[in-house]
Amino acid sequence: PNPLLLKPKARINKNVQLISIPRSMERVTVGTKCEVAGWGWTSVQGQMTNVMRQVQLKVQNGSICQQLFKNYQPQSMICVGDDSSKKAPYKGDSGGPLICKQKAHGIVSHGRERHLFPEVFTRIFYFAPWIHEQLRKFSLQELPDSPSSD
Ligand SMILES: *[C@@H]1O[C@H](CO)[C@@H](O)[C@H](O)[C@H]1NC(C)=O
């Protein structure tokens with residue numbers, strides 16, 4: 001798969017910021033509070049919004065997701081949600097970051113139709129070697145004197 005490419009270079013400002021991915025010692029533990037945001041549906045009936053919404057969710061014990069999602073992989077996924085909350089990522093929020101302790105730990109992935117709890121996020125740490133490899137490739141391409149690869 002190709003990484004996401006932006007046409008113009010991103011400009012860092014108040015609304016566009018960098019975020020780090022976790023190091024090995026920073027795996028999120030059950031109960032960690034995280035933030036997730038997006039422009040996805042604001043109801044299970046499909047209400048759209050153009051205002052970004054944000055919610056705090058807790059990292060859950062993976063065994064909860066293992067019971068409900070037959071393809072759940074604890075190494076590469078994080079089980080997230082708040083069973084007492086009526087707010088959660090939904091359709092249109094996929095791809096958004098799960099931010100725990102100032103680091104991007106997860107990516108909104110999937111849930112069950114019409115259910116808000118629990119939900120499965122991609123575990124970014126598992127893909128860190130691939131991410132670093134892509135960053136290395138792209139930073140090499142951007143060296144001013146490097147030969148063009150077209
Ligand atoms: C997760 O749940 C399993 C099964 O109920 C339990 O054995 C385990 O200790 C739990 N782990 C954590 C970190 O709470």
Side-chain angles (χ1 to χ4, degrees), residues 1-6 9-142:
N2 290 314
L4 178 69
L5 291 178
L6 300 177
K9 288 197 171 183
R11 284 172 189 274
I12 307 301
N13 61 33
K14 187 166 66 69
N15 300 312
V16 179
Q17 296 279 318
L18 303 174
I19 190 165
S20 301
I21 63 172
R23 296 170 185 274
S24 58
M25 294 308 289
E26 297 171 328
R27 280 192 66 149
V28 282
T29 51
V30 174
T32 302
K33 287 179 184 166
C34 305
E35 301 284 337
V36 60
W39 287 270
W41 291 11
T42 57
S43 77
V44 292
Q45 287 82 33
Q47 202 132 15
M48 310 287 249
T49 178
N50 51 21
V51 177
M52 190 180 79
R53 306 241 181 155
Q54 183 164 343
V55 67
Q56 186 180 72
L57 298 171
K58 273 188 220 160
V59 174
Q60 300 288 329
N61 188 326
S63 64
I64 298 170
C65 282
Q66 222 145 11
Q67 284 166 16
L68 295 167
F69 299 90
K70 66 179 195 304
N71 297 322
Y72 185 77
Q73 301 287 335
Q75 277 194 313
S76 59
M77 301 176 191
I78 311 178
C79 188
V80 178
D82 182 342
D83 56 0
S84 63
S85 170
K86 294 187 173 66
K87 297 174 183 177
Y90 206 62
K91 297 179 188 199
D93 289 315
S94 299
L98 180 75
I99 300 168
C100 320
K101 300 173 180 166
Q102 265 87 248
K103 299 278 170 85
H105 276 269
I107 302 169
V108 179
S109 178
H110 60 281
R112 294 172 298 152
E113 191 72 28
R114 303 183 80 81
H115 284 77
L116 299 179
F117 176 88
E119 299 188 317
V120 177
F121 285 61
T122 303
R123 193 183 288 278
I124 290 178
F125 179 68
Y126 180 81
F127 296 95
W130 180 83
I131 292 169
H132 289 299
E133 173 69 11
Q134 300 306 313
L135 291 174
R136 197 185 60 77
K137 278 191 206 159
F138 282 97
S139 61
L140 286 177
Q141 277 182 18
E142 283 183 16

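Note that ligands are numbered from 1 as they come in the structure, with each ligand's atoms numbered from 1 the same way.
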Worksheet item: Judged by atom type as modelled, is there a donor-acceptor pair below 3.5 Å linking the side chain of Arg114 to the main-chain atoms of Gln45?
Response: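 Side chain of Arg114 to backbone of Gln45, a donor-acceptor pair under 3.5 Å: no, none is there.
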Item to complete: Could you tell me whether the side chain of His115 and the main chain of Glu113 form a donor-acceptor pair under 3.5 Å?
Response: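 Side chain of His115 to backbone of Glu113: a pair is present.
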Worksheet item: In ligand 1, which numbered atoms sit nearer than 4.0 Å to a non-hydrogen atom of Val30?
Response: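 Answer for ligand 1: 13 (C).
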Worksheet item: For atom 4 (C) of ligand 1, what's the nearest protein heavy atom and its distance?
Response: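 Minimum-distance protein heavy atom for atom 4 (C) of ligand 1 reads Ser63 OG, 4.0 Å.
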Practice prompt. Distance to 0.1 Å, residue and atom name: give those for the protein heavy atom nearest to atom 14 (O) of ligand 1.
Written response: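 So the nearest neighbour among protein heavy atoms is Asn61 ND2, 3.4 Å.
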Worksheet entry | Interatomic distance, Trp41 atom CH2 to Gln47 atom CD [nearest 0.5 angstrom] |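 Going from CH2 on Trp41 over to CD on Gln47, the span is 11.0 Å.
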Worksheet item: atom 9 (O) of ligand 1: protein heavy atom closer than 4.0 Å?
Response: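 Within 4.0 Å: no protein heavy atom nearby.
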Worksheet item: Between Glu26 and Lys101, is the closest basic N to carboxylate O distance under 4.0 Å?
Response: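 Between Glu26 and Lys101 there is no salt bridge, as every charged N stays at least 4.0 Å from the carboxylate O atoms.
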